[in-house]
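Below is one structure; the comments refer to it alone.
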Amino acid sequence: RKRSNFNLQQISVAVSHNIHDWEIKFESDDMKNKALARMNEAIRFVLDASDDDFKREINGYIDVDSVIDYMILMYVSCATDNYSKNAVYVTYDGLKFYMSPYDLDATWFMRWDGLAFYKENYFLPRVSTNGQYFRPEVDNELFYRIGELYPDLIAARYFDLRKEILTPEHIMSKFRAFTKQIPGELYETDFEKWPDIPSQEKNTVGRTSLLVKKRMLLLDDIMSHFCQ
């Protein structure tokens, strides 16, 4: 986010002023200190590196492929709560980080509390017809620089996944397979016990299916501009 929001002396994945919003977990203090120092270096690099240096060296800090996959998942699933937070940076050696999503309670067009829904065109990447990637209202410097400097990789990965994995049919098959694991009578019992669960009658597989189909068409058009 904005450079002034970073405190590089603390647990410094901090993009807010509250350090308790962030945590670091390792089995040993040695690895923790190593990874923390490296994360500070990565943050400083993302903020300060020239475009040429960024493209040449970013993979030594953060795996670009994992960031691109994260961004695609975020935009496909309308993960509104995962742009400036709810990300996990995992590492095997304390030197290079890989992005992984966390929480995911505000996905697939539903607000985190279940009380409201978003339309299919909400929270999409902003790309001009000539391929320029614009900063969103909620800024994330890493995502912005990846979008700006790797549009060809983003488009290529998206359309490759679009062939089989990111089809509306495949996405919804996962929804249906998951919901079928729970017998219908248990849903009824749950609704009886918790009648005030938000959106229990509106948040249906059919509704999600319709929105996914519409959103994928919108993303197809947006991603096609990345290719230009």
Side-chain angles (χ1 to χ4, degrees), residues 1-2 5 13-18 20-23 67-88 99-127 133-144 147 154 158 161-162 165-223:
R1 298 178 71 179
K2 293 181 180 178
N5 286 353
V13 286
V15 292
S16 75
H17 294 293
N18 184 359
H20 300 293
D21 287 345
W22 305 89
E23 60 182 334
V67 179
I68 290 174
D69 281 354
Y70 184 102
M71 292 173 70
I72 291 173
L73 173 63
M74 183 176 59
Y75 286 128
V76 168
S77 63
C78 193
T80 57
D81 218 17
N82 289 79
Y83 197 87
S84 60
K85 60 179 181 176
N86 290 333
V88 178
M99 286 201 74
S100 179
Y102 173 75
D103 198 10
L104 298 173
D105 58 354
T107 53
W108 304 112
F109 318 104
M110 187 168 67
R111 201 171 71 180
W112 67 272
D113 57 6
L115 293 174
F117 293 95
Y118 301 112
K119 294 182 179 180
E120 68 275 4
N121 62 351
Y122 186 70
F123 193 64
L124 289 169
R126 296 173 58 231
V127 183
Y133 184 80
F134 295 107
R135 289 183 182 274
E137 292 183 9
V138 179
D139 203 1
N140 182 307
E141 190 71 13
L142 176 61
F143 293 156
Y144 173 71
I154 294 173
Y158 173 82
L161 293 171
R162 194 72 172 84
I165 302 299
L166 293 183
T167 65
E169 294 76 18
H170 186 260
I171 293 171
M172 296 314 302
S173 73
K174 297 299 182 181
F175 273 90
R176 293 186 177 93
F178 181 81
T179 55
K180 285 182 179 179
Q181 295 179 85
I182 303 174
E185 58 268 22
L186 293 186
Y187 283 109
E188 295 176 5
T189 301
D190 191 65
F191 291 154
E192 290 175 3
K193 183 173 178 60
W194 308 104
D196 295 327
I197 292 177
S199 307
Q200 60 176 276
E201 295 181 358
K202 297 179 181 178
N203 189 27
T204 64
V205 171
R207 180 186 180 281
T208 302
S209 177
L210 179 62
L211 290 173
V212 166
K213 290 177 181 178
K214 292 180 177 180
R215 188 170 182 86
M216 296 312 298
L217 292 176
L218 293 172
L219 275 171
D220 286 350
D221 180 63
I222 291 170
M223 291 296 176

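Side chain of T189 to main chain of E185: a donor-acceptor pair is present (N/O by atom type, distance under 3.5 Å, no hydrogens or angles). A donor-acceptor pair under 3.5 Å is formed between the side chain of S173 and the backbone N or O of H170. No donor-acceptor pair closer than 3.5 Å links the side chain of S77 to the backbone N or O of T107.
The two residues Y70 and A87 make their nearest non-hydrogen contact at OH-CB, 3.5 Å. Contact detail for Y158 and I72: the closest heavy-atom pair is N-CD1, 3.7 Å. Among all heavy-atom pairs drawn from V76 and M216, the shortest one is CG1-SD, 3.8 Å. The shortest non-hydrogen separation linking N86 to D81 is ND2-O, 3.0 Å. Heavy atoms only, all atoms of each residue included: L219 and P125 are closest at CD2-CD, 4.0 Å. Summarising the geometry of P101 relative to L73, their closest heavy-atom pair is CG-CD2, 3.9 Å, with the distance given to 0.1 Å.
Considering only heavy atoms from C-beta on, M99 stays 4.5 Å or farther from M71 through its side chain. In this structure the side chain of F191 never reaches within 4.5 angstrom of the side chain of E201, judged on heavy atoms. A 4.5 Å side-chain heavy-atom check between L218 and K214 finds every atom pair outside the cut-off. Within the 4.5 Å cutoff, side-chain heavy atoms of L124 are placed close to those of R215. W112 places none of its side-chain heavy atoms less than 4.5 Å from the side chain of T80.
To the nearest 0.5 Å, atoms CE (M223) and CG (D221) are separated by 11.0 Å. Note that CZ of R111 is 9.0 Å distant from OG of S199, once rounded to the nearest 0.5 Å. Taken to the nearest 0.5 Å, the CD1 atom of I154 stands 12.0 Å off from the CD1 atom of I222. Expressed to the nearest 0.5 Å, how far CD1 of I171 lies from OG1 of T208 amounts to 11.0 Å. Of the inter-residue distances, the one linking S84 atom OG with L142 atom CG reads 13.0 Å to the nearest 0.5 angstrom. If you take CE on M110 and NZ on K202, they are separated by 12.5 Å, rounding to the nearest 0.5 Å.
Between F123 and Y83, the two ring planes are perpendicular [angle over 60°; tilted spans 30° to 60°]. Using cut-offs of 30° and 60° for the angle between ring planes, the F175 and W108 rings count as perpendicular. Aromatic ring pairs are classed by plane angle as parallel below 30°, tilted from 30° to 60° and perpendicular above 60°; the pair Y122 and Y118 is parallel.
For the pair R207 and F109, the NZ or CZ position fails the cation-pi test of under 6.0 Å to the six-membered ring centre and within 45 degrees of the ring normal.
Side-chain contact of Y102 with N82: a donor-acceptor pair under 3.5 Å is absent, judged by distance alone.
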